[in-house]
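In this text the structure is predicted, and so the values were computed from the model without any measurement. Letters A, B, ... are given to chains in the order of the sequence lines, protein chains preceding strands, and every chain is numbered from 1.
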Protein chains: 2
Amino acid sequence: MRLTKFTDYSLRVVIYLARHPDSLATIADIAREYDIPSTHLMKVVHRLAQCGYILTVRGKGGGMRLARTPDLINVGDLVRDTEDNMDIAECFSPDHQSCPMLPACALKSVLVEARKSFLATLDFYRLSDIMGGATPSLVAPLHQAHGTFAPPSPGKKKRTS
Amino acid sequence: MRLTKFTDYSLRVVIYLARHPDSLATIADIAREYDIPSTHLMKVVHRLAQCGYILTVRGKGGGMRLARTPDLINVGDLVRDTEDNMDIAECFSPDHQSCPMLPACALKSVLVEARKSFLATLDFYRLSDIMGGATPSLVAPLHQAHGTFAPPSPGKKKRTS
DNA sequence: TACTAAGATATATTTTACATGTATCTATTG
DNA sequence: CAATAGATACATGTAAAATATATCTTAGTA
Ligand code: SF4
Ligand code: SF4
């Protein structure tokens, strides 16, 4: 069970941008910073722009910046948008419905619930919580059992799916 | 993000065995039932035996059966034992410690917590909960917010890791 | 206008984890 | 000893992901 590098790179990009809010950053900048292939970052950046997390500027002097402030970018949402295969088991795909246990597999229900828990945990965090550096706001300490306190203000917009 | 077929097959095997408690089942039996390659099942069965979930009997008339009753087999444990790569991100592996964000990456902490949530959800279920069929015991209904009730009796032994 | 630097887009290739296959060995029954 | 079961080792195939290449478009600037 792992997330793709595509997703991790996506998160690194927005973290980088959150840390450098005063100027446009280029793909080359970020690729250099993290020592990852710029060719891969191109696709990442494109996706992030499509999904509205960043704004890009073409041409000389161009680059990218966050489309919103870090406290309005939710980690769970970003992972949902960048990880394109969230099919825990074979039967989660509209194709591959050949498992004889369908349609009433109790295991599948459990896996659905587990995935929900995974994403729900991510939903408790915003980019401002994971960008590191000096963030002297009242950020919920990590590793805290998040069921015990109310999520700090906005950061999570309910989505229909 | 997906689990391997190896893990799903492992679960199918124990479900099958739970449903057929009165005789030894062979790899061929189970492969036929689910229409999956017996060659893959061999490895699955071997792992399940190594981890103590099933007992195998070699030779003519041999086969396998559960080593414990279904209410003593925990889904989370079984997934931990069969899914051999639980490295959500690159940095989770002892090798690949090259990400410049280490060692104080706030994102990693969040991912660790999310993985914990995923497995904790699975920990709430036992084989007896997912084996389907007529189980007229007081089983917790699936999809229920499991934070709101006490886990039904045993089924989950705390492990040190 | 030409040049350059940036992202956008499409396609191709490489790599890797996973799945599957084959062959052989060992144990057990009858 | 023959047949049937899992145990074990190794080889191969496959598909998703990662990476690379090439070309196009946009925008600033000399
Ligand atoms: S066993 Fe259940 S969870 Fe696994 S593939 Fe079949 S239907 Fe899906
Ligand atoms: S960015 Fe954080 S979570 Fe991702 S690989 Fe680096 S250290 Fe791990």
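Neither OP1 nor OP2 of D/dA7 sits under 4.0 Å from any side-chain N or O of B/His46. In this model, the phosphate group of C/dA8 is approached by a side-chain N or O of A/Thr56 to a distance below 4.0 Å at OP1 or OP2. Considering only side-chain N and O atoms, B/Tyr9 lies nowhere under 4.0 angstrom from the phosphate OP1 or OP2 of C/dC18.
Between the NE2 atom of A/His40 and the P atom of D/dT19 there is a distance of 6 Å, rounded to whole Å. Following rounding to the nearest Å, B/Leu55 (CG) and C/dT28 (C1') show an atom-to-atom distance of 16 Å. Counting to the nearest Å, the C1' atom of D/dA16 and the NZ atom of A/Lys5 are 13 Å from each other. For the pair B/Gln50 CD and D/dA7 P, the computed distance is 9 Å after rounding to whole Å. Taking atom CE of B/Met42 as the reference point, atom C1' of D/dT8 lies 11 Å away to the nearest angstrom. Here D/dA18 presents its P atom at 11 Å from CZ of A/Arg47, a figure rounded to the nearest Å. For B/Arg58 and D/dA5, the CZ to P distance is 14 Å, given to the nearest whole Å. Separating the CD atom of A/Glu90 from the P atom of C/dC18 is a distance of 16 Å, rounded to the nearest angstrom.
Comparing A/Gly59 and A/Ser38 against DNA chain D, the residue whose closest nucleotide sits nearer the 5' end is A/Ser38. When each of A/Val57 and B/Val57 is assigned the nucleotide of DNA chain C bearing its nearest heavy atom, the one mapping closer to the 5' terminus is A/Val57.
B/Thr39 comes within 4.0 angstrom of a nucleotide base, judged by non-hydrogen atoms across all strands. If you check every strand for non-hydrogen atoms under 4.0 Å, B/Arg2 touches sugar and phosphate atoms only. At the heavy-atom level, B/Ile27 lies under 4.0 Å from the strands shown only through sugar-phosphate atoms.
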Decide salt bridge (Lys or Arg N to Asp or Glu O under 4.0 Å) for B/Arg80 and B/Asp123; before the verdict, give the C-alpha distance in whole Å, the side-chain angles of both, and the deciding distance to 0.1 Å. CA-CA 10 Å; B/Arg80 267 180 279 254; B/Asp123 284 339; 2.4 Å; yes
Checking side chain to side chain donor-acceptor pair (under 3.5 Å) for the pair A/Tyr16/A/Asp29: CA distance, chi angles, key distance, verdict? CA-CA 10 Å; A/Tyr16 182 95; A/Asp29 289 339; 4.8 Å; no
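Salt-bridge annotation for B/Asp35 and B/Arg32: absent, with no side-chain N of the basic residue lying under 4.0 Å from a carboxylate O of the acidic one.
Taking the six-membered ring where the residue is Trp, A/Phe6 and A/His40 present tilted rings, their angle falling between 30° and 60°.
The nucleotide whose nearest atom lies closest to any side-chain atom of B/Pro37 is, among C/dC18, C/dT20, D/dA27, C/dT20.
Residue B/Tyr9 forms a side chain to side chain contact (heavy atoms under 4.5 Å, CB included) with just one option from B/Thr82, B/Thr4, B/Val44, and that option is B/Val44.
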